[in-house]
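These notes are about the structure you will find just below.
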Amino acid sequence: MTDPAIGDAFDSMWAALAPVGREASSGGYRRFAWTAADAQAREWFTSEAQARGLDVQRDRNGNLWAWWLPPGGRDHDALVTGSHLDSVPDGGAFDGPLGVVSALCAIDLLRARGIKGRKPVAVVVFADEEGARFGVACAGSRLLTGVLSPARALALTDADGVSLDDAMRKAGIDTAALGRDDELLRRIGVFVELHVEQGRSLVDSESAIGVATGIWPHGRWRFSFTGRADHAGTTQLDDRRDPMLCFGEAVLAARVQAEQFGGLATFGRVIAEPNATNGIASKVTAWLDARAPDQRTLDRIVIGVAERAGRRASMEQVESAVGNESVTPAVEFSPKVRLMLQDSLGGGVPELATGAGHDAGVLAAEVPTGMLFVRNPTGISHAPDEFAERADCLAGVEALADVMADWICA
Ligand SMILES: [Zn+2]
């Protein structure tokens with residue numbers, strides 16, 4: 001049974017964060033990187049961490065770190081935990097914040113239990129995880145590890161043409177100092193990200209907590225279909241060169257391919273030009289998000305969608321092109337960390353892979369990394385209905401505290 005004071009701390013942090021960046025019309029969150037809402041969430045974190053006597057530092061890439069250092073000043077071999085506070089458009093309350101709030105609560109719990117370790121703990125808030133504003137996910141952790149070059153990052157622009165360079169400068173960051181940070185990476189002994197589950201595996205296994213095995217390879221592809229604009233009321237069907245038909249074919253093909261090969265394929269974003277109700281479109285651009293258990297399956301899904309859309313395009317006399325925008329290879333979390341998490345949690349915790357990207361996936365290439373998932377009763381995520389029961393959240397805090405205690409006392 002968790003200390004009631006920890007439940008209170010969880011509730012009060014959750015309540016303080018709840019209105020930040022919340023969109024009244026949808027009930028979802030719009031905490032985009034380097035906006036006022038993002039700044040407010042980061043300030044909230046800084047004051048919560050400082051209230052606990054943690055040493056809060058902003059790294060060169062804009063990520064926030066709150067250090068709980070043991071007496072004696074040992075500053076490496078740290079257990080780092082945490083997540084992110086930014087969101088997708090109209091995202092849920094749990095994706096990101098649950099990992100941050102749980103990390104602070106876990107420190108409270110260790111202190112309440114009188115546990116003093118020999119190794120440090122750090123709670124990290126990675127900047128710009130969702131990539132909702134500038135298009136590159138996990139920008140903060142990718143800059144930290146050097147996977148994303150400062151030059152490429154700074155040139156990214158948002159929908160209004162504001163560059164990431166300008167946005168970060170406005171937030172007070174010296175963008176000339178961006179880039180891989182070896183000194184900081186060397187301090188990390190292990191990284192454990194706690195995250196709300198973004199599927200229903202834990203519901204089916206009747207467990208509040210899961211351990212991640214890895215992340216599916218995934219990527220984004222841009223499909224463009226160029227036809228000919230014309231009048232919707234006067235152009236004969238045979239005379240049309242309608243790119244929307246090819247887009248429709250691509251959407252259905254994505255579903256068929258995903259079902260056939262056991263992956264996921266989604267068109268969630270589309271731009272029709274000129275976007276008139278009474279006009280045949282001249283051009284349709286759409287983005288395919290595809291994910292699969294392995295790279296070969298992912299390739300087969302995307303090739304299948306491109307082929308079917310391409311066949312339709314030649315039937316309709318429409319030009320089609322497919323370009324890859326990003327691919328994130330499969331991630332396997334450290335088997336040692338998986339074992340360590342199982343040990344700390346008493347064993348028998350269900351293990352699952354996920355199709356969602358995380359900062360933990362980026363960190364896994366650098367330091368021993370693992371993830372804990374907290375049950376999501378509907379599996380809904382990246383939407384206002386994303387949810388986790390309070391009791392499950394507190395079970396997550398407890399799990400994280402147990403993992404922390406074992407690490408820092410070892
Ligand atoms: Zn997340």
Side-chain angles (χ1 to χ4, degrees), residues 13-14 17-18 20-22 28-35 37-38 41-42 44-45 62-64 80-104 123-145 148 191-202 209-216 218 220 264 266 268 289 291 326 328 331 333 352-364 369-376 378-388 392-393 396 400:
M13 281 194 273
W14 205 252
L17 203 47
V20 179
R22 188 173 203 163
Y29 288 88
R30 296 186 185 173
R31 289 192 197 124
F32 305 144
W34 313 116
T35 59
D38 186 42
R42 291 162 62 89
W44 164 85
F45 173 75
N63 308 302
L64 297 173
V80 177
T81 182
S83 193
H84 60 95
L85 293 174
D86 67 318
S87 80
V88 296
D90 291 329
F94 293 80
D95 179 352
L98 184 63
V100 176
V101 169
S102 299
L104 293 171
V123 181
V124 64
V125 173
F126 282 113
D128 200 358
E129 193 272 345
E130 299 288 6
R133 184 174 171 197
F134 295 99
V136 172
C138 301
S141 56
R142 285 183 210 250
L143 280 164
L144 167 71
T145 55
L148 174 62
F191 178 56
V192 178
E193 180 169 357
L194 177 146
H195 205 278
V196 67
E197 203 209 340
Q198 296 172 290
R200 310 181 15 91
S201 300
L202 291 175
I209 307 296
V211 169
T213 52
I215 302 177
W216 283 9
H218 56 276
R220 297 175 182 189
L264 297 165
T266 309
D289 175 303
R291 301 157 195 250
S326 70
T328 306
V331 171
F333 290 122
L352 49 134
T354 177
H358 297 286
D359 293 307
V362 177
L363 269 284
T369 297
M371 284 189 83
L372 293 173
F373 289 125
V374 171
R375 175 165 55 193
N376 175 338
T378 60
I380 292 173
S381 187
H382 282 187
D385 286 342
E386 186 180 81
F387 186 66
D392 289 356
C393 294
L400 196 53

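Just follow the structure's listing: the first ligand is 1, and inside any ligand the first atom is 1.
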The atom of His195 among N, O or S that is nearest the Zn ion (ligand 1) is NE2

To the Zn ion (ligand 1), the closest N, O or S atom belonging to Asp95 is OD1

(message) Do His84 and Asp95 have side chains that approach each other closer than 4.5 Å (heavy atoms only, starting at C-beta)?
(response) yes

query: Mind checking whether the Zn ion (ligand 1) has an N, O or S of His84 under 2.8 Å?
result: yes

Heavy atoms of Val374 and Ala388 approach each other most closely as CG1-CB, 4.3 Å

Separation between CG (Leu372) and NE2 (His195), nearest 0.5 Å, reads 12.0 Å

Worksheet item: How are the rings of Phe387 and Phe94 set relative to one another: parallel (under 30°), tilted (30 to 60°) or perpendicular (over 60°)?
Response: perpendicular

